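First up is the structure itself, then whatever we jot down about it.
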Amino acid sequence: MNMRKISQVLAGLSMLCALGAAMPVRAQVQADASLFHDLGGLPVIRQTVQDFVAAMLADPRIRHTFDGANLKRLEDKLVEQFCMLSGGGCAYTGDPMKEVHQGLKLTNADFNALVEDLQLAMDKNGISARTQNRLLALLAPMQRDTVTR
Ligand code: HEM
């Protein structure tokens, strides 16, 4: 490769990096389907979400927040969301996180309880600690949209 080619390649690469930095986080994470694969695809995501919702409903710290909630819808939207975030190509058709949670007056303690319940569900479904952490890292930024007090 001559010097001109090399500098063209470098310019292309730096443009890609600039694009990556400017893209919203969600668009970047959607591009990587390896997490979806490592989670075990839709069958494992579906079972994990079912166990996750059951764990939250059995959790005295947060179960009261689900009184009157449409649990079937909640499960469906969580499956879509985890599939989308992990790069599985699903579309999330639920409401925006901020809108859904603002009336619930959730605390950081509520959020931490939810994370523990999700970890329990992922353990139960044989998802490795490394893969769990990759999903949790994608959910962490949502703390600011769900916790309002
Ligand atoms: C990363 C954090 C969270 C994520 C990704 C998440 C995700 C979701 C999704 C996808 C829905 C369904 C939206 C829809 O129906 O359109 C939902 C609803 C709900 N979430 Fe969360 N959530 C989070 C944090 C929490 C926390 C910390 C709690 C309470 C401890 C909670 C309690 C609820 C309840 C009660 C509903 C049902 C609301 C209703 O049906 O009116 N969420 N959440």
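Everything quoted here is computed from the prediction, not taken from an experiment. Whatever order the structure lists them in is the order used to number ligands and atoms, beginning at 1.
In this structure, the side chain of Arg149 engages the main chain of Lys105 through a donor-acceptor pair within 3.5 Å. Although no hydrogens or angles enter the test, the distance criterion places no donor-acceptor pair under 3.5 Å between the side chain of Gln81 and the main chain of Tyr92. A donor-acceptor pair is defined here as one N or O able to donate and one able to accept, closer than 3.5 Å; no such pair exists between the side chain of Asn133 and the backbone of Arg130. Gln132 places a side-chain N or O within 3.5 Å of a backbone atom of Ile127 that can act as its donor or acceptor partner.
Environment of CZ in Arg144: sparse, with no more than 12 heavy atoms of neighbouring residues, nucleotides or ligands closer than 6.0 Å.
Protein heavy atom at the shortest distance from atom 27 (C) of ligand 1 is Phe111 CA, 3.6 Å. Nearest protein neighbour of atom 33 (C) of ligand 1, counting heavy atoms only, is Phe66 CE2, 3.6 Å. Considering only non-hydrogen protein atoms, atom 5 (C) of ligand 1 sits nearest to Gln81 OE1, 3.3 Å.
Using modelled atom types, one finds a donor on one side chain and an acceptor on the other under 3.5 Å when comparing Arg134 with Ser34.
Heavy-atom proximity to Ala69, at under 4.0 Å, picks out these atoms of ligand 1: 37 (C), 40 (O). With ligand atoms numbered from 1 in the order given, ligand 1 contributes 16 (O) to contacts under 4.0 Å with heavy atoms of Gly94. Atoms of ligand 1 lying under 4.0 Å from any heavy atom of Tyr92, numbered from 1 in the order shown and given with element: 10 (C), 13 (C), 16 (O). Near Leu139, with a cut-off below 4.0 Å to any heavy atom, the atoms of ligand 1 are 1 (C), 5 (C). Of all atoms in ligand 1, listed by their number and element, those nearer than 4.0 Å to a heavy atom of Met142 are 1 (C), 5 (C). Numbered from 1 in the order shown, with element, the atoms of ligand 1 that lie under 4.0 Å from a heavy atom of Asp95 read 14 (C), 16 (O).
Counting only distances under 2.8 Å, and ignoring water, the protein N, O or S atoms around atom 21 (Fe) of ligand 1 are His101 NE2.
Ligand 1 has no N or O atom lying under 3.5 Å from any N or O atom of Thr65, backbone or side chain.
Taking 4.5 Å as the limit, some side-chain heavy atom of Leu136 sits within range of a side-chain heavy atom of Gln119. Residues Phe82 and Leu118 are in side-chain contact: their nearest non-hydrogen atoms beyond the backbone lie under 4.5 Å apart. In this structure, Glu80 and Thr93 have side chains that are in contact, with non-hydrogen atoms separated by less than 4.5 Å. Side-chain contact between Val53 and Leu78: present, with at least one pair of heavy atoms (C-beta onward) separated by less than 4.5 Å.
The shortest non-hydrogen separation linking Phe111 to Leu139 is CZ-O, 4.2 Å.
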Donor-acceptor contacts, no H, no angles, side chain residues 40-50, under 3.5 Å, sequence neighbours left out:
{"residue": "Gln47", "atom": "NE2", "partner": "Asp51", "partner atom": "OD1", "Å": "3.2"}
{"residue": "Thr48", "atom": "OG1", "partner": "Val44", "partner atom": "O", "Å": "2.7"}

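Among Leu106, Thr93, Ile62, the residue whose heavy atom lies nearest to atom 29 (C) of ligand 1 is Leu106. Scanning Arg73, Met56, Lys77 for the heavy atom closest to atom 15 (O) of ligand 1 points to Arg73.
By the definition of a contact as any protein heavy atom under 4.0 Å away, atom 43 (N) of ligand 1 is in contact.
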